[in-house]
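Single-structure report; data block below.
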Amino acid sequence: MPKTVGNQLWKSFDWALCKTAGVTFDTIQFFNKYRPNPSFIPKWSDKPMLKSWEKSKPTLGWPRTTDSLCPSCVHEAREAIMNGTKDWTDLVHEKVGEIKAQIIERDGQVWMVKECPTHGKCEDLMAADSKFLEWIEKNFPGRDIPAHNDEDMHRHGSSTIRHGRGSVLTVDLTNRCNMMCDPCFMDANQVGYVHELNWEEIQEILENATKIKPRRQMSVQFSGGEPTMHPRFLDAVRFARKVGYNSVQAATNGIEFAKSKEFCAQAFEAGLRYAYLQFDGIGNDANSHRQVGNLFDVKLRAIENMHAAGIDIVLVTTIVNNVNNDQVGPIVKFAMENPKKISFVSFQPVSFTGRDEEITPERRLRQRYTLSHLAQDVSKQVGRIEPTRDWFPISLISPFSDFADLAHGPDAMWGQMSCGCHPNCGVGTAVMINKENKEWAPVPKFLNVPGLVTDISKVTDASRGKKFSAYMAAMALLKNYRPFQAPPSLRLKDLWKKFDKTFGVRGQDKAEEVYGKVGPDRTLDDSMKRRQDPWNFLFLAGMWFQDLFNYDFRRTEMCIIPYATQQGEISFCAYNTGIGWRKIIENMYKNATVAQWYKEHGKHEIFAKGKKVDLQNYEHTLRIDEDDAARVRHLEHDIPLTAAEEDRARRRKANEEAAKVRRIYEELVLKKSTETVVQIGSIQQIQMAVPGATVKPVQIVGANSNGHTNGNGHKNGNAANVEKTNAEEAAVAGD
C-alpha cells in the first residue's frame with residue numbers, strides 16, 4: 001500500500017475517533033460540571049488552587065490607563081541615590097518617578113502615551129498591529145495564585161511582585177563578561193566596578209527562593225555578565241540541583257562551551273539542563289554587531305558540544321528593528337533544519353536599557369520592535385504561520401499547568417511551571433516537525449487551542465479523581481484535534497505522547513519511566529531517552545522586556561522571571577530598567593572597582609573589536625543554508641545604529657560646540673583674527689612658475705598643512721610669510 005494512501009486511512013480513522021471523543025466529552029461534561037469538588041491545598045502552597053472563574057485579570061484592551069514612569073524623573077532619582085542625596089529606601093515608601101500612561105489605538109497601532117508635568121510628553125509603540133494584540137489579550141486565561149508567605153522576599157514598593165509562582169528564577173552570578181555587546185541591558189564591563197556573588201550568597205539566594213508560597217520556580221537560570229566566568233559556576237549548578245530545582249539553565253554566549261567538550265560534560269554532570277544560547281542570526285555578518293570576528297562559528301561549535309554532552313539548547317535572539325530583524329526567518333528555518341538539536345527559539349525584542357537607556361528618540365522609534373512585529377516577520381519570512389491564529393500569550397500554558405498540578409495531587413512538593421505573566425509580556429506558538437523527513441505544521445493549525453484550553457479548564461475545575469481526569473483530558477485532546485490539517489505522517493498517538501511527555505498526564509513517575517527523567521537526578525541516559533521521540537515540538541516564543549519608554553506596573557507585578565538578589569526577588573524589568581534596582585543593589589554589594597579587581601585577579605580576556613575566539617575544532621554536523629550564511633547585509637545608516645555610535649556622535653557634537661564657543665571667545669574677548677588662511681606657495685615655487693617676476697612679501701593670515709598656530713593666533717609654517725607675484729596680483733584684480 002502506498003505510504004500516502006496509508007496515511008490517509010490512518011487520518012480517516014483518527015478523524016472518526018476524534019468525532020466520537022467529542023461527543024463523549026460533551027456528554028460526560030454535561031453532568032461533570034455540576035457540584036465540582038473543592039480545590040485542594042497542595043504542599044507547595046498555603047492557599048487552594050484556583051478555579052478558572054476565580055482567576056483575576058488586569059485591565060486589558062484600550063483605551064486604558066495604567067501606571068508608568070517618566071524616564072527623566074527616573075534618571076534624576078537614580079542619580080540622587082547614587083550620589084547619596086536620596087536614600088534608596090524611598091523607592092519602597094514613595095512612588096518615585098511614577099506618572100499615569102494612556103494606552104490607545106492610533107491608525108491600527110497601539111501606543112503608550114504619557115506626560116510628565118516637569119519633563120513633558122513621551123510616547124512609544126506597543127504593537128504595530130492592534131488586531132494582533134487584541135487577539136493575544138483575548139486569550140489571556142487569568143492570573144495565578146497570589147504570592148504569599150513572601151514578605152521577606154517581595155518588599156520593593158511599586159515594583160513588588162504580587163501574583164503567581166513564576167517560571168524561572170534568574171541569578172546573576174557576575175557582571176563580568178568576555179564580550180562587549182551592543183545592546184546589553186546590564187552594561188557589562190562598562191560600569192566601573194565588579195559585582196560578583198560569593199559562594200555563601202549563592203547558597204542563601206537559592207535556598208530563600210524555596211520558602212516563598214506558592215513554592216515558586218522549578219527552574220533557575222544562571223546569568224550575568226557571562227555566568228561561566230564565575231569561578232564557582234559548576235558548583236552553583238550542582239547546588240541548585242541539590243536544593244531541588246529540576247531545570248538548571250545558563251544564559252550564555254557559548255564561548256566556553258565551544259572551546260571545550262570536557263567543560264560541556266562537566267556542566268551536564270553538575271546538573272545543567274538547558275543552555276539559553278545567544279544567537280543573533282545565520283552567518284558571521286548577521287552576528288557582526290556583537291564585535292566577535294568568528295561568533296557564528298563559535299555558536300555552531302557550542303551547539304555541537306553541548307548537544308553531545310546531553311544539554312538542551314534554546315536559541316535566544318535579541319531583535320533590533322532595521323538591524324537583524326531580517327534574521328527571524330533564517331533562524332526559525334535553521335531550527336527546523338536541525339530538529340534533533342534545537343527545540344526552542346526565544347526571540348527577545350530589544351529593551352532600550354543598560355547600555356542603550358539614553359537612546360535618542362530617532363533611533364528608538366526606528367529600532368523599536370514589538371511582539372506584533374515578530375509575528376509578522378515569522379509569517380513573511382517562514383510562511384504558513386499566521387499571526388492571529390497561531391500565536392497566543394505564553395500565559396496560555398497555565399491552564400495545562402493547573403491540570404498537571406491536579407494530576408500530580410496534593411502531595412507534590414513543587415508546583416508545575418506556570419507562565420502566568422501579563423499578556424503584553426510574551427507570546428508563543430509551536431511547530432510540530434518530523435525529525436527525519438522534516439514534515440511540519442503549526443500546532444494551532446491542527447489543534448483547536450482555544451477550545452482545548454476551555455475543555456481542559458473544565459476538567460480541572462471539576463477536580464475529580466486522577467484517572468477520571470486523565471481520561472477526560474484525553475477526550476478533550478481528541479475532541480479538538482484536526483487530523484487532516486496535521487503533517488501527513490503525524491498520528492494521534494504521537495500527539496498524545498507529546499502531551500503526556502510534557503505534562504505527565506498519567507503521573508510523573510510513569511512519564512519518567514517511559515520518557516526519561518527530567519528531575520534533579522536526571523542522567524545522560526535519561527536525556528538520550530527523551531530524544532528518541534521522532535517528533536519535535538519546536539516552540540517559538542517572544543519575550544518583550546520593558547524599558548522606561550513603555551513601562552507598565554501591571555506587568556511588573558506579574559513577573560514570572562524575577563531576579564534573586566541580596567535584597568530579595570525583584571521583577572526582571574524592575575531590576576534591569578524601571579527605577580533601576582540593578583544599579584542600586586550592585587553598588588550596595590559591589591566587590592571592587594575594575595582597577596582593583598584587575599590588580600588582585602588579573603584581566604580576563606574580552607573578545608571585541610573583531611577579535612576571534614581561538615577554537616581548536618570548527619567541525620559540526622548542523623545543516624545550514626549556505627546563502628543565509630554567506631549573506632553580507634548593507635544596513636541603512638543615516639542615523640547611529642548603536643549606543644557606541646550615538647556616544648561618538650554626542651562627543652563629536654560637543655567638541656564642535658566647544659570649538660565654536662572658543663572661536664567666539666577669541667574673537668570677542670581676545671580680539672584675535674578669524675580670517676581664513678590661504679596658502680599660496682613658497683618664493684621659490686612662485687619664481688619657478690613665473691620666471692623673471694618681481695616678488696614682494698605679503699602677510700597672509702591662515703592655516704598651514706600641519707594646522708599649528710603661532711602666538712598671535714596665526715598659523716605657523718609656509719603660510720605665515722608668503723609672497724605674491726605682481727602677475728598674480730594682476731590676475732586676482734582682473735577677476
Side-chain angles (χ1 to χ4, degrees), residues 153 166-179 186 188 194-212 215-257 259-260 262-278 302 305-306 309-314 316 414 417 518-524 527 561-570 572 575 582 585-586 589-592 597 601 604:
M153 301 299 290
S167 59
V168 179
L169 180 70
T170 311
V171 180
D172 272 358
L173 294 178
T174 179
N175 71 343
R176 294 186 297 128
C177 190
N178 50 7
M179 287 175 62
M186 74 168 298
V194 171
H195 174 265
E196 190 161 291
L197 298 179
N198 61 41
W199 180 235
E200 290 72 24
E201 289 171 329
I202 293 172
Q203 295 177 88
E204 182 180 6
I205 281 173
L206 291 175
E207 288 176 335
N208 283 343
T210 66
K211 300 173 183 177
I212 292 176
R215 198 172 190 188
R216 294 185 55 116
Q217 292 79 10
M218 296 174 64
S219 302
V220 59
Q221 181 177 108
F222 293 114
S223 184
E226 172 54 41
T228 59
M229 294 186 64
H230 194 287
R232 303 203 68 168
F233 168 71
L234 295 179
D235 291 332
V237 173
R238 197 172 290 113
F239 186 79
R241 178 174 172 173
K242 177 183 176 182
V243 170
Y245 295 96
N246 68 12
S247 177
V248 183
Q249 312 164 8
T252 177
N253 56 37
I255 290 176
E256 292 304 313
F257 294 100
K259 285 181 178 180
S260 170
E262 291 73 23
F263 181 76
C264 295
Q266 291 170 3
F268 178 84
E269 179 62 27
L272 189 67
R273 183 179 177 190
Y274 288 107
Y276 272 59
L277 180 67
Q278 175 198 64
N305 288 349
M306 289 188 291
I311 300 169
D312 293 327
I313 296 104
V314 179
V316 181
W414 297 77
M417 184 182 74
V518 295
D521 56 345
R522 179 181 62 119
T523 66
L524 183 59
S527 183
I561 48 174
Y563 276 90
T565 77
Q566 295 99 326
Q567 285 291 326
E569 291 185 5
I570 306 175
F572 190 99
Y575 192 64
R582 175 186 287 281
I585 290 176
E586 286 188 350
Y589 295 95
K590 61 187 176 186
N591 303 73
W597 183 273
H601 301 277
H604 63 264

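One is the number of the first residue; the rest follow in order along the sequence.
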Looking at every non-hydrogen atom in both residues, tell me the closest pair between [X] and [Y] and how far apart they are.
{"X": "Leu234", "Y": "Ala267", "value": "CD2-CA, 3.6 Å"}
{"X": "Thr252", "Y": "Ala275", "value": "CG2-CB, 4.4 Å"}
{"X": "Val248", "Y": "Val237", "value": "CG1-CG1, 3.8 Å"}
{"X": "Asp235", "Y": "Arg232", "value": "OD2-NE, 3.0 Å"}
{"X": "Asn178", "Y": "Asn253", "value": "OD1-ND2, 2.8 Å"}
{"X": "Leu524", "Y": "Gly310", "value": "CD1-CA, 3.7 Å"}

Separation between [atom1] of [X] and [atom2] of [Y], rounded to the nearest 0.5 Å:
{"X": "Ser223", "Y": "Tyr563", "atom1": "OG", "atom2": "OH", "result": "5.0 Å"}
{"X": "Phe257", "Y": "Ile313", "atom1": "CZ", "atom2": "CD1", "result": "10.0 Å"}
{"X": "Leu272", "Y": "Gln249", "atom1": "CG", "atom2": "CD", "result": "8.5 Å"}
{"X": "Leu173", "Y": "Glu196", "atom1": "CG", "atom2": "CD", "result": "8.0 Å"}
{"X": "Glu256", "Y": "Met229", "atom1": "CD", "atom2": "CE", "result": "8.0 Å"}
{"X": "Asn208", "Y": "Gln566", "atom1": "CG", "atom2": "CD", "result": "11.0 Å"}

Does the side chain of [Y] come within less than 4.5 Å of [X]'s, by heavy atoms?
{"X": "Thr228", "Y": "Phe222", "answer": "no"}
{"X": "Arg582", "Y": "Asp172", "answer": "yes"}
{"X": "Ile570", "Y": "Ile585", "answer": "yes"}
{"X": "Met179", "Y": "Glu226", "answer": "no"}
{"X": "Tyr589", "Y": "Leu197", "answer": "no"}
{"X": "Gln266", "Y": "Ser260", "answer": "no"}
{"X": "Val171", "Y": "Ile202", "answer": "no"}
{"X": "Phe268", "Y": "Arg522", "answer": "yes"}

Does [X] reach the main-chain N or O of [Y] with its side chain, forming a donor-acceptor pair under 3.5 Å?
{"X": "Glu201", "Y": "Asn198", "result": "yes"}
{"X": "His230", "Y": "Gly224", "result": "no"}
{"X": "Tyr245", "Y": "Leu169", "result": "no"}

Do we see a donor-acceptor contact under 3.5 Å between the side chains of Ser219 and Gln221? no
Please assess Val194 against Asn175 for the test side chain to side chain contact (heavy atoms under 4.5 Å, CB included), listing each intermediate value before the final yes or no. CA-CA 6 Å; Val194 171; Asn175 71 343; 4.0 Å; yes
If you draw a 6.0 Å radius around CD in Gln567, do more than 12 non-hydrogen atoms from other residues or ligands fall strictly inside? yes
